[in-house]
Structures are given as C-alpha cells and as structure tokens.
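Structure, as structure tokens:
If you're wondering where the values come from, they're calculated on a predicted model, not measured in any experiment.
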Amino acid sequence: MGTEQVTARLLREFGRTYADEAGITLRDEPAPLYQLLVLTVLCSTRIKAEVATAAARELFEAGIRTPRAMAESSRRERVVLLGRAHYVRYDESTATALGRGAELVIDRYDGDLRKLREQAAGDVERLRELVREMPRIGPVGADIFCREVQAVWPEVRPFFGERACATAAELGLPHTPKGLATLVPGDDLARLAAALVRVGLSKGGAEALRSE
C-alpha cells in the first residue's frame with residue numbers, strides 16, 4: 001500500500017479528532033476553545049481516551065461549557081458527572097483541577113483563550129508553556145491541546161507529537177511534522193495527527209495497516 005493509500009485510509013477510518021468525539025464543534029471562539037481545554041485536562045491522566053471524551057460529553061451536556069459555568073458548578077456535581085462516564089480513580093482530583101483551571105482562565109484571560117493565543121504570538125513552544133500553566137496539564141496534555149487546536153489556529157501547524165511521528169514511521173510515512181504536512185491540506189492536519197495517535201494506541205494497529 002502506497003503513501004497516498006495509507007494516508008487516505010488513515011483519514012477515512014481513524015481521522016476523527018478527539019474534540020469531535022467529545023462533541024466539540026471546534027471554532028476560534030471562547031466556548032469551544034475552553035471545551036477543548038477541559039478535554040485536555042480529562043485526557044491528562046492515565047485513563048483511556050474514550051473515557052475522557054465520554055466524561056467531557058457528560059460535563060457539556062450538563063451545561064458546563066464555559067469557564068464561568070465550570071467555576072459556578074460544585075465540586076460534587078463535577079465528581080458525579082465524571083462518575084457517570086466511569087472516569088474513576090482520578091475523579092476527585094480532576095474535579096478539583098477543573099474548578100481551579102476555570103478560575104485561572106477567568107482571572108488571567110477573562111474567560112477567552114484567544115487571549116492566550118495572543119500571548120503566545122505564534123510561538124508554539126510558548127503556547128505549550130502557557131497551556132502547561134493550567135492545573136493538571138503537563139507536556140503530554142500540552143501536546144494534545146496543540147494537536148487539536150491546530151484545526152482552528154493555523155500558526156500551530158504542522159503539529160505532530162512523538163507518538164504520531166513514531167506511528168508514521170511504522171507505517172512507512174514521512175515521520176517529521178514537516179514531512180507529514182506534505183500529505184494532506186492544512187485543514188486536515190489535525191485529523192491526520194489524531195488518526196496516527198489512534199492507530200498508535202490500538203494494539204497491532206500500525207502493523208495491520210502496513211500489511212494490508
């Protein structure tokens with residue numbers, strides 16, 4: 001299977017972003033950007049991605065879609081909602097981190113993460129640093145945020161973390177961000193990055209794709 005065929009299959013079968021799976025219609029607007037940050041926090045623990053996205057949906061369906069709504073919700077309410085998605089072991093600490101993070105977004109960015117974007121001024125490393133200032137988010141979480149937000153913040157492109165690049169190498173694809181950026185239009189980079197992560201997380205996924 002050639003590069004074009006592998007790329008097309010990746011997008012077709014695995015190219016759903018995690019934001020989309022969490023029910024986020026990602027736009028460069030305060031509410032969806034904050035929802036992506038919430039998803040990033042939820043993904044920043046040793047927990048399956050499908051559980052994290054389900055937990056995000058529970059929060060959003062309960063009306064907790066903005067930093068103000070998160071800050072005004074009770075810690076107990078957040079714990080209950082996370083529990084519905086079977087987000088266990090980390091539910092108490094994550095509920096606390098979400099509340100503290102909402103207050104930080106309100107205090108530092110007036111509830112609008114586009115101001116964080118302005119502070120980063122097109123510097124991806126600076127963007128990662130700013131995202132890591134949020135409670136619970138570390139290097140992996142910062143990579144998740146950047147990988148997804150590149151769909152609406154073009155200056156972050158092309159963003160492919162270590163896992164995505166490693167999977168690309170296994171598949172015989174270009175395995176640097178610049179190389180991967182040659183495979184699809186800019187608007188599809190977030191989908192390609194998500195697809196590579198999904199395949200990398202699936203047992204034998206890369207080998208199965210490569211052998212067909």
Side-chain angles (χ1 to χ4, degrees), residues 1-29 32-33 35-37 39-40 42-44 48-50 52-53 56 113-114 116-132 137-212:
M1 191 181 298
T3 296
E4 290 185 5
Q5 290 83 0
V6 171
T7 303
R9 187 175 176 191
L10 279 168
L11 291 177
R12 182 175 65 252
E13 298 183 17
F14 304 96
R16 188 182 189 189
T17 65
Y18 288 89
D20 184 64
E21 185 178 338
I24 303 168
T25 302
L26 195 57
R27 296 184 297 269
D28 185 27
E29 298 176 4
L33 290 172
Q35 290 159 26
L36 176 59
L37 188 70
L39 176 61
T40 300
L42 294 169
C43 288
S44 295
K48 291 182 178 180
E50 56 264 33
T53 54
L113 289 174
R114 291 176 299 183
L116 179 149
R117 180 188 189 185
E118 291 173 4
Q119 285 193 21
D123 184 332
V124 176
E125 284 308 309
R126 178 59 179 154
L127 174 61
R128 293 179 76 254
E129 290 174 4
L130 291 170
V131 172
R132 287 180 63 184
I137 297 178
V140 172
D143 284 355
I144 292 169
F145 184 87
C146 290
R147 185 186 74 217
E148 296 279 324
V149 86
Q150 69 180 319
V152 293
W153 290 356
E155 71 274 15
V156 180
R157 302 172 186 168
F159 192 94
F160 292 85
E162 291 182 6
R163 185 188 296 275
C165 289
T167 302
E170 287 186 59
L171 293 172
L173 298 175
H175 50 278
T176 64
K178 286 185 178 180
L180 288 165
T182 67
L183 302 181
V184 296
D187 287 347
D188 282 334
L189 287 172
R191 293 182 59 223
L192 179 60
L196 288 167
V197 169
R198 288 182 186 279
V199 171
L201 290 173
S202 64
K203 188 175 181 180
E207 183 178 350
L209 260 178
R210 189 174 61 245
S211 62
E212 293 182 12

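- Checked for salt-bridge contact, Arg128 and Glu125 meet the test: a charged N lies under 4.0 Å from a carboxylate O.
- For the side-chain contact (heavy atoms from CB on, under 4.5 Å) with Val156, the qualifying choice from Arg117, Glu148, Gln150 is Gln150, the only one to do so.
- Going from atom CG of Leu37 over to atom CD of Gln35 covers 11.0 Å, rounded to the nearest 0.5 Å.
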message: Using the rule given for side chain to side chain contact (heavy atoms under 4.5 Å, CB included), can you reason through Val152 versus Leu33, listing the C-alpha separation, both sets of side-chain angles and the distance that settles it, and then say yes or no?
response: CA-CA 9 Å; Val152 293; Leu33 290 172; 4.3 Å; yes
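- At a threshold of 4.5 Å between non-hydrogen side-chain atoms, the residues Leu171 and Leu10 count as touching.
- Going from atom CG of Leu130 over to atom CZ of Phe145 covers 10.0 Å, rounded to the nearest 0.5 Å.
- Checked against Phe160 for a side-chain contact (heavy atoms from CB on, under 4.5 Å), the options Leu189, Thr167, Asp143 give a single hit: Leu189.
- Of all the heavy atoms in Leu127 and Cys146, the pair that sits closest is CD2-SG, 3.8 Å.
- A pairwise comparison of heavy atoms in Ile137 and Thr40 identifies CD1-CG2, 3.8 Å as the closest pair.
- Distance check: Thr17 OG1 to Ile24 CD1 gives 8.0 Å after rounding to the nearest 0.5 Å.
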For residues 172-187, which side-chain N or O atoms pair as donor and acceptor with protein atoms under 3.5 Å away, sequence neighbours left out?
unit_1	atom_1	unit_2	atom_2	d
Thr176	OG1	Gly179	N	3.0
Thr182	OG1	Gly179	O	2.6
Asp187	OD1	Arg157	NH2	3.2

query: Given Arg132 and Glu129, is the side chain to side chain contact (heavy atoms under 4.5 Å, CB included) satisfied, shown in steps?
result: CA-CA 5 Å; Arg132 287 180 63 184; Glu129 290 174 4; 5.8 Å; no
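- Residue Trp153 holds its CH2 atom at 8.5 Å from CG of Leu36, rounded to the nearest 0.5 Å.
- In this structure Gln119 satisfies the side-chain hydrogen bond (donor to acceptor under 3.5 Å, both in side chains) test with no other residue, sequence neighbours excluded.
- Scanning all heavy atoms of the two residues, the minimum distance from Arg198 to Tyr18 falls at CG-OH, 3.1 Å.
- The two atoms that bring Leu39 and Ala56 nearest to each other are CD1-CB, 4.1 Å, heavy atoms only.
- One distance of note links CG of Leu201 with NZ of Lys48; it measures 11.0 Å at 0.5 Å rounding.
- Residues passing the side-chain hydrogen bond (donor to acceptor under 3.5 Å, both in side chains) test with Thr7, sequence neighbours excluded: none.
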